[in-house]
Amino acid sequence: MNRRSFLRATSAAGLACGIPSATAFGHVSDEAAPTPGAIAAKRKMAIPESPERILLKDYRPKSIYKIPVTEIAKAKFPIIDMHSHPYAKTPEEIAQWVRTMDEVGVEKTIILTMATGTEFDEINRKYSIYPERFEMWCGFDLAGYDKPGFPTAAVKELERCRNAGARGVGEIHDKGKGLISGKSKTDGLHPDNPLVDPLFEKCAELGMPVSLHVADPIWMYEKMDRTNDGLMNAYEWRLDNQPNIVGLSGMIEILERTVQRHPKTIFVACHFANLDYDLARLGELFERNPNLYADISARYAETAPIPRFASQFYAKHADRLVYGTDMGFEKPMYGITFRILESLDEHFYEIDQFGYHWSLNGFGLPDPVLRQVYHENAAKLLAARASG
């Protein structure tokens, strides 16, 4: 509290106690005396909130269980982070990110710029000082998607970005209303549209994997009522009120059609393809489509409530999952992901990180699975691309 705020509070407290507005310092306030309503409001603030008035968005539970708490500062095995963005903006921030990567055990980070043109070039220039630590992926230039001649210019720009240093493409979004690549947007153009075929085919030719984000977590499509157990986070990102939007299941069908149309292109579905609530369906996609992978980024909170089922899924499909963060570059963030993947901790909360009110649990993944998810799958994917 600064001095002015302190004087205001002292004056108000004095009035509440029946003391004249002159403060204990002998200074007469230069502001109007608080109204009776303001005084009542201050009194109310001092009274603990009634449980009947606590809002879900303000719910911050703390576990009282006396059980093991595991802090993992560094991953058990080296990591390739397949999903991040250019969060660091200055040379100093980028250097700090590299130091953090060293401390937490991240060998390389894939930067999904989503950008083309001079925007991509500028990001690439900043990060190229650490070529062994960061790899740049570009976006698609979707301008003129509704004009004759598309995507001739987009394919040309993709080739230019590849020559400038891009090694993959992403993160390309379609949450149900059409493809988006950074600032480049479409209306109703989905990835399975034949108009997009030349871009994905060029990706295969250039050896550029595609990071593709379809849909969003299921809770965003559900009714925003008392039955929605992801309401705390879902309301902020709600999609249930969006007109003419393709639902989650429909977007998964579009994803599979896209992957099958381009068998020589490697696709990495972001965030478990947002099938974190239906991992069995994601497993079926893997079994039918050998060119499909999924990153686990930013869906730790969605899978940690079901640790036994999730760990079984990891074990069964360990060769198709890759580590990712998509949550900045602060050291504590990495530690939270390690705790979920490596430990057997139970019933802990990370509301400020993830935005859900529910408790989390560790998977306790075995070493062979951790090695694959942390590093081996990504390394093989990138090596195959380089030799292709």
Side-chain angles (χ1 to χ4, degrees), residues 44-45 47-65 67 83 85 171 173-178 180 213-255 269-282 294-311 313 324-328 330 332-333 336-337 339-341 345-363:
K44 183 178 178 181
M45 290 175 61
I47 301 173
E49 187 71 53
S50 167
E52 295 182 359
R53 298 177 62 86
I54 296 175
L55 299 178
L56 182 60
K57 68 182 180 65
D58 299 323
Y59 186 53
R60 292 296 183 274
K62 295 182 179 180
S63 176
I64 61 174
Y65 287 96
I67 52 179
H83 192 136
H85 297 288
E171 172 184 9
H173 292 77
D174 188 346
K175 297 185 179 184
K177 303 191 78 170
I180 298 175
H213 176 146
V214 296
D216 250 355
I218 186 65
W219 299 272
M220 285 60 168
Y221 299 86
E222 298 294 300
K223 291 181 179 179
M224 297 296 148
D225 61 17
R226 63 182 181 177
T227 68
N228 189 329
D229 72 341
L231 181 63
M232 184 176 187
N233 190 42
Y235 184 72
E236 181 179 355
W237 303 96
R238 66 186 302 181
L239 295 170
D240 64 302
N241 60 352
Q242 296 294 309
N244 303 317
I245 190 170
V246 179
L248 193 153
S249 186
M251 286 309 306
I252 297 303
E253 294 172 3
I254 287 174
L255 169 65
C270 304
H271 320 306
F272 290 101
N274 282 304
L275 286 172
D276 37 69
Y277 80 106
D278 190 0
L279 293 173
R281 186 176 181 184
L282 178 56
D295 76 44
I296 66 173
S297 69
R299 295 298 180 266
Y300 297 91
E302 289 83 351
T303 49
I306 52 169
R308 289 182 292 278
F309 191 86
S311 61
F313 177 82
T325 53
D326 191 27
M327 297 180 291
E330 298 297 324
M333 176 274 296
I336 293 169
T337 71
R339 185 183 186 189
I340 292 171
L341 296 174
D345 287 1
E346 299 177 281
H347 195 77
F348 58 92
Y349 297 94
E350 291 293 349
I351 295 173
D352 291 337
Q353 179 68 58
F354 298 120
Y356 289 103
H357 66 277
W358 53 49
S359 65
L360 311 177
N361 306 275
F363 302 149

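Here, residue 1 is the first one in the sequence, and each next residue gets the next number. Model, not experiment: these values are computed from the prediction.
Every residue two or more places apart in sequence or in another chain that forms a side chain to side chain donor-acceptor pair (under 3.5 Å) with S297 is listed here: H83, H271, D295. Applying the salt bridge (charged side-chain N to carboxylate O under 4.0 Å, His left out) test to D326 and every residue at least two apart in sequence or in another chain returns nothing.
Between M327 and T337, the shortest heavy-atom distance links the atoms CE-CG2, 3.9 Å. For the residue pair L248 and N274, the shortest heavy atom distance occurs at CD1-O, 3.6 Å. Nearest heavy-atom pair across G362 and F348 is N-CE2, 3.9 Å. The shortest non-hydrogen separation linking E350 to L360 is CB-CD1, 3.9 Å. Summarising the geometry of L255 relative to A269, their closest heavy-atom pair is CD2-CB, 4.3 Å, with the distance given to 0.1 Å. When all heavy atoms of G328 and M333 are compared, the closest pair comes out as O-CE, 3.2 Å.
Taking 4.5 Å as the limit, every side-chain heavy atom of D276 sits out of range of all side-chain heavy atoms of F313. With contacts defined as side-chain heavy-atom distances shorter than 4.5 Å, the pair H85/E171 qualifies. Side-chain atoms of I351 and M232, non-hydrogen and from C-beta on, do get closer than 4.5 Å to each other. Counting heavy atoms from C-beta outward, N233 and M220 have side chains that approach closer than 4.5 Å. Counting heavy atoms from C-beta on, the side chains of M251 and K175 never come closer than 4.5 Å. A 4.5 Å side-chain heavy-atom check between Y277 and P217 finds every atom pair outside the cut-off.
Taking CG of D58 as the reference point, atom CZ of R53 lies at 11.5 Å (rounded to 0.5 Å). To the nearest 0.5 angstrom, E346 atom CD is 10.0 Å from S63 atom OG. Rounding to the nearest 0.5 Å gives a distance of 9.0 Å between CZ of R238 and CG of L231. In this structure, D345 CG and S359 OG are separated by 12.0 Å, a value rounded to the nearest 0.5 Å. We find the CD1-CG distance between I254 and D174 to be 6.0 Å, quoted to the nearest 0.5 Å. To the nearest 0.5 Å, the span separating CG on L56 from NE2 on H357 amounts to 6.0 Å.
By the neighbour-count criterion of 12 heavy atoms within 6.0 Å, atom CG of N244 is sparsely surrounded, having that number or fewer from other residues, nucleotides or ligands. Within 6.0 Å of CD on E222 lie more than 12 heavy atoms contributed by other residues, nucleotides or ligands. Counting non-hydrogen atoms of other residues, nucleotides and ligands closer than 6.0 Å to OH of Y235 gives a total of 12 or fewer.
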- Message: Evaluate S249 against R281 for side chain to side chain contact (heavy atoms under 4.5 Å, CB included), listing each step before the verdict.
- Response: CA-CA 10 Å; S249 186; R281 186 176 181 184; 3.0 Å; yes

Expected list for residues 301-309: side-chain donor-acceptor pairs under 3.5 angstrom, two or more places apart:
residue	atom	partner	partner atom	Å
E302	OE2	Y356	OH	2.9
T303	OG1	R299	O	2.9
T303	OG1	Y300	O	3.3

